[in-house]
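Quick caveat: nothing in here was measured; it's all calculated off a predicted structure.
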Amino acid sequence: MPPQVSLSPEQKQELATIANQIVAGGKGILAADESVGTMGKRLKNIEVENTEENRRVFRQLLFSTEGEMADCIGGIIFFHETLFQSTDDGIPFTQLVKDKGIVVGIKVDKGVVPLAGTDGETVTQGLDGLHERCAQYSKAGAQFAKWRSVLKIGDNCPSPQAIQANAEVLARYASICQQNGLVPIVEPEILPDGAHNLHRCQYITEKVLSAVYKALNDHHVYLEGTLLKPNMVTPGHCCATKFTHEEIGMATLTALHRTIPPAVPGICFLSGGQSEEDSSLNLNAVNLCPLSKPWRLTFSFGRALQASALAAWAGKAENISLGQEAFLQRAKINSLSSKGEYIPSGDTSEASNFNLYAQNYIY
């Protein structure tokens with residue numbers, strides 16, 4: 001017996017249109033959805049107090065950047081607090097962003113909790129009340145959403161239980177989002193913690209993505225109205241063997257070829273603690289890889305778009321323009337990388353080459 005059709009043709013068309021708008025040629029996503037605690041760690045690094053006003057001022061710095069920002073950024077993921085904030089002039093951030101032709105997104109998960117019966121693995125919570133939250137966020141101006149699941153590589157990890165549990169919650173989240181007119185970003189992040197090599201990461205990435213797309217299919221999620229936010233295939237942070245950008249690009253694209261249906265409009269990689277420059281170079285290598293690419297291959301970076309901007313701003317009003325210049329420079333570089341057109345500048349600045357890795361990273 002065929003499944004009940006839950007989305008109308010008009011709903012499907014709207015979801016597909018939004019998804020394609022976000023990843024239109026040369027555009028990616030600014031992930032500005034850090035929680036209060038995570039944003040506090042970023043501000044502490046530049047000796048700025050973690051207050052709501054300081055968080056608002058930095059997000060305003062990013063969102064109000066002029067010039068070619070809208071040519072590079074197709075969507076911005078907001079945190080709940082930020083979605084309801086405004087500029088100094090009283091313009092809602094959502095309106096500021098939309099006026100630039102950028103799509104507003106929102107983080108909707110509630111973080112990870114321990115998964116009983118596993119070796120320290122987790123599953124993401126937040127399905128309770130998600131329908132109501134999605135309706136609220138849609139009314140507030142959001143058109144897409146993000147949910148992050150986290151897996152790790154170890155001797156017995158990820159376990160089949162963790163893979164299946166996280167695939168199921170991602171699929172249920174995606175279905176609920178689409179019912180509320182939001183394009184779901186599906187994010188099954190495999191952490192770079194550990195000493196595993198590139199080939200081990202590729203193997204695990206393929207296993208995880210296969211399970212995720214099986215679950216999405218089981219829950220009748222409309223793939224043309226989704227985006228994927230995966231990790232790039234990289235060696236573990238403590239791996240002694242060094243791999244080239246080209247090897248990382250080939251391993252990443254091979255894993256995607258084996259698991260991701262071409263119906264998905266775009267794949268927006270997370271930076272996963274790589275430096276700003278390494279994130280851009282690896283994205284560029286993926287796009288230069290001599291394999292077919294039926295999806296847009298672009299970015300959804302947080303740390304790798306903001307590190308230089310934070311360092312340049314340093315919490316000082318007189319440095320706002322410097323912070324915006326640094327942010328726009330990284331946005332332009334990643335736009336080029338999403339088209340395989342980035343020619344490395346040889347930038348040796350501390351901020352752009354600083355390793356952004358954090359063990360067991362919590363967003």
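For the pair Leu227/Ile267, no side-chain contact is recorded, criterion being any heavy-atom separation below 4.5 Å from C-beta on. Contact check for Pro188 versus Leu228: side-chain heavy atoms found under the 4.5 Å cut-off. In this structure, Thr87 and Ser64 have side chains that are not in contact, with every pair of non-hydrogen atoms separated by 4.5 Å or more. Counting only heavy atoms from C-beta outward, the side chains of Leu336 and Lys332 never approach each other to under 4.5 Å. Using a 4.5 Å heavy-atom cutoff, the side chains of Ile185 and Ile77 are in contact. With a 4.5 Å cut-off on side-chain heavy atoms, Phe269 and Pro230 count as touching. Within the 4.5 Å cutoff, no side-chain heavy atoms of Leu151 are placed close to those of Leu191. Inter-residue side-chain proximity for Asp193 and Lys152 is flagged as unmet; no heavy-atom pair is nearer than 4.5 Å.
The 12-atom threshold is not exceeded at CG of Asn156, counting heavy atoms of other residues, nucleotides or ligands nearer than 6.0 Å. Within 6.0 Å of atom NZ in Lys207, 12 or fewer heavy atoms from other residues, nucleotides or ligands are found, so the atom counts as exposed in its surroundings. Within a 6.0 Å radius of NZ in Lys214, no more than 12 heavy atoms belonging to other residues, nucleotides or ligands are found. Annotation: Glu318, atom CD; neighbour count of heavy atoms from other residues, nucleotides and ligands within 6.0 Å is above 12.
The minimum heavy-atom distance between Thr94 and Ala140, with the atom names listed, is CG2-O, 3.9 Å. The shortest non-hydrogen separation linking Gly323 to Ala309 is O-CB, 3.4 Å. The two residues Thr205 and Ala255 have their closest heavy-atom pair at CG2-CB, 4.3 Å. The two atoms that bring Ile248 and Asn282 nearest to each other are CD1-OD1, 3.8 Å, heavy atoms only. When all heavy atoms of Cys157 and Arg200 are compared, the pair lying nearest together is O-NH2, 3.5 Å. The two residues Ala162 and Leu115 come nearest to each other via the heavy atoms CA-CD2, 3.5 Å.
Scored by the side chain to side chain donor-acceptor pair (under 3.5 Å) test, Gln143 finds no partners at all (sequence neighbours excluded). With sequence neighbours excluded, the residues forming a ring-ring contact (aromatic ring centres under 6.0 Å, His included) with Phe243 are His199, listed by chain and number.
At distances below 3.5 Å, not a single donor-acceptor pair connects side-chain atoms of Gln178 with backbone N or O atoms of Ser175. Between the side chain of Asn180 and the backbone N or O of Leu182, no donor-acceptor pair lies under 3.5 Å. Remark: the backbone N or O of Ala135 is not paired with any side-chain donor or acceptor of Ser138 at under 3.5 angstrom. Between the side chain of His257 and the backbone N or O of Ser292, at least one donor-acceptor pair lies under 3.5 Å. Looking at Asn334, its side chain does come within 3.5 Å of a backbone N or O of Arg330 through a donor-acceptor pair. Arg56 contributes a side-chain N or O that, together with a main-chain N or O of Ser86, makes up a donor-acceptor pair within less than 3.5 Å. The main-chain N or O of Thr118 is never found under 3.5 Å from a side-chain atom of Glu121 such that the two would form a donor-acceptor pair. Between the side chain of Lys316 and the backbone N or O of Ala312, no donor-acceptor pair lies under 3.5 Å. In this structure a side-chain-to-backbone donor-acceptor pair under 3.5 Å is present from Trp295 to Pro261. Judged by distance alone, the side chain of Arg148 and the main-chain N or O of Gly111 form no donor-acceptor pair under 3.5 Å.
His131 NE2 to Ile176 CD1: the interatomic distance, rounded to the nearest 0.5 Å, is 8.5 Å. Atom CG of Asn287 and atom CZ of Arg296 lie 10.0 Å apart (nearest 0.5 Å). With rounding to the nearest 0.5 angstrom, the CD atom of Gln85 is 4.5 Å from the CD atom of Glu81. Between Gln179 atom CD and Leu130 atom CG the span is 11.5 Å, to the nearest 0.5 Å. Rounded to the nearest 0.5 Å, atoms CD1 (Ile106) and NZ (Lys146) are 10.5 Å apart. The CZ atom of Arg59 lies 11.5 Å from the CG atom of Leu83; values are rounded to the nearest 0.5 Å.
Using modelled atom types, one finds no donor on one side chain facing an acceptor on the other under 3.5 Å when comparing Gln329 with Ser308. No donor-acceptor contact under 3.5 angstrom links the side chains of Gln125 and Asp109, judged on distance only. For the 3.5 Å distance criterion, the side chains of Gln202 and Glu206 qualify, holding a donor opposite an acceptor.
By the 4.0 Å N-to-carboxylate-O rule, Arg42 lies close enough to Glu34 to be salt-bridged with it. The residues Lys107 and Glu187 are annotated as not salt-bridged, no charged nitrogen and carboxylate oxygen being separated by less than 4.0 angstrom.
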Give the intermediate values and the outcome of side chain to side chain donor-acceptor pair (under 3.5 Å) for residues Glu49 and Asn54. CA-CA 7 Å; Glu49 186 181 358; Asn54 285 335; 5.3 Å; no
Could you go step by step and tell me if Leu170 and Leu216 meet the side chain to side chain contact (heavy atoms under 4.5 Å, CB included) rule? CA-CA 8 Å; Leu170 280 167; Leu216 291 171; 5.6 Å; no
Assess the residue pair Thr38 and Ser35 against the criterion (side chain to side chain donor-acceptor pair (under 3.5 Å)); give the C-alpha distance rounded to whole Å, side-chain angles, the decisive distance to 0.1 Å, and a yes or no. CA-CA 5 Å; Thr38 299; Ser35 66; 3.2 Å; yes
Show, in sequence, the C-alpha distance, side-chain angles and deciding distance for Leu43 and Arg55, and conclude whether the side chain to side chain contact (heavy atoms under 4.5 Å, CB included) test is met. CA-CA 8 Å; Leu43 293 174; Arg55 294 190 297 272; 4.1 Å; yes
Asp71 and Lys27: salt bridge (Lys or Arg N to Asp or Glu O under 4.0 Å), yes or no, with the steps? CA-CA 6 Å; Asp71 296 329; Lys27 295 184 180 183; 5.8 Å; no
Can you list, pair by pair, the side-chain donor-acceptor contacts under 3.5 Å of residues 14-23, counting residues two or more places apart and other chains?
| unit_1 | atom_1 | unit_2 | atom_2 | d |
| --- | --- | --- | --- | --- |
| Thr17 | OG1 | Gln13 | O | 2.8 |
| Thr17 | OG1 | Gln13 | NE2 | 3.1 |
| Asn20 | ND2 | Ala16 | O | 2.8 |

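Linking ILVMFWY side-chain heavy atoms closer than 4.5 Å, directly or via other members, places Phe301 and Leu61 in a single hydrophobic cluster. Hydrophobic clustering places Tyr213 together with Tyr173 (ILVMFWY residues linked when any side-chain heavy atoms are closer than 4.5 Å, directly or through intermediates). Residue Val208 is grouped with residue Leu256 when hydrophobic side chains (ILVMFWY) are merged at heavy-atom distances under 4.5 angstrom, including chains of intermediate members. By the rule that hydrophobic residues join a cluster once side-chain heavy atoms approach within less than 4.5 Å of another member, Leu209 and Leu283 end up as members of one cluster. In the hydrophobic clustering of this structure, Val57 groups with Met69; members are Ile, Leu, Val, Met, Phe, Trp, Tyr whose side-chain heavy atoms approach within less than 4.5 Å, directly or through other members.
Residues Phe63 and Phe78 bring their aromatic ring centres within 6.0 Å.
Just one of Leu270, Ile29, Ile73 meets the side chain to side chain contact (heavy atoms under 4.5 Å, CB included) condition when paired with Phe299; it is Ile73. A side chain to side chain donor-acceptor pair (under 3.5 Å) with Gln60 is found for one member of Thr82, Asp88, Thr65 and no other, namely Asp88.
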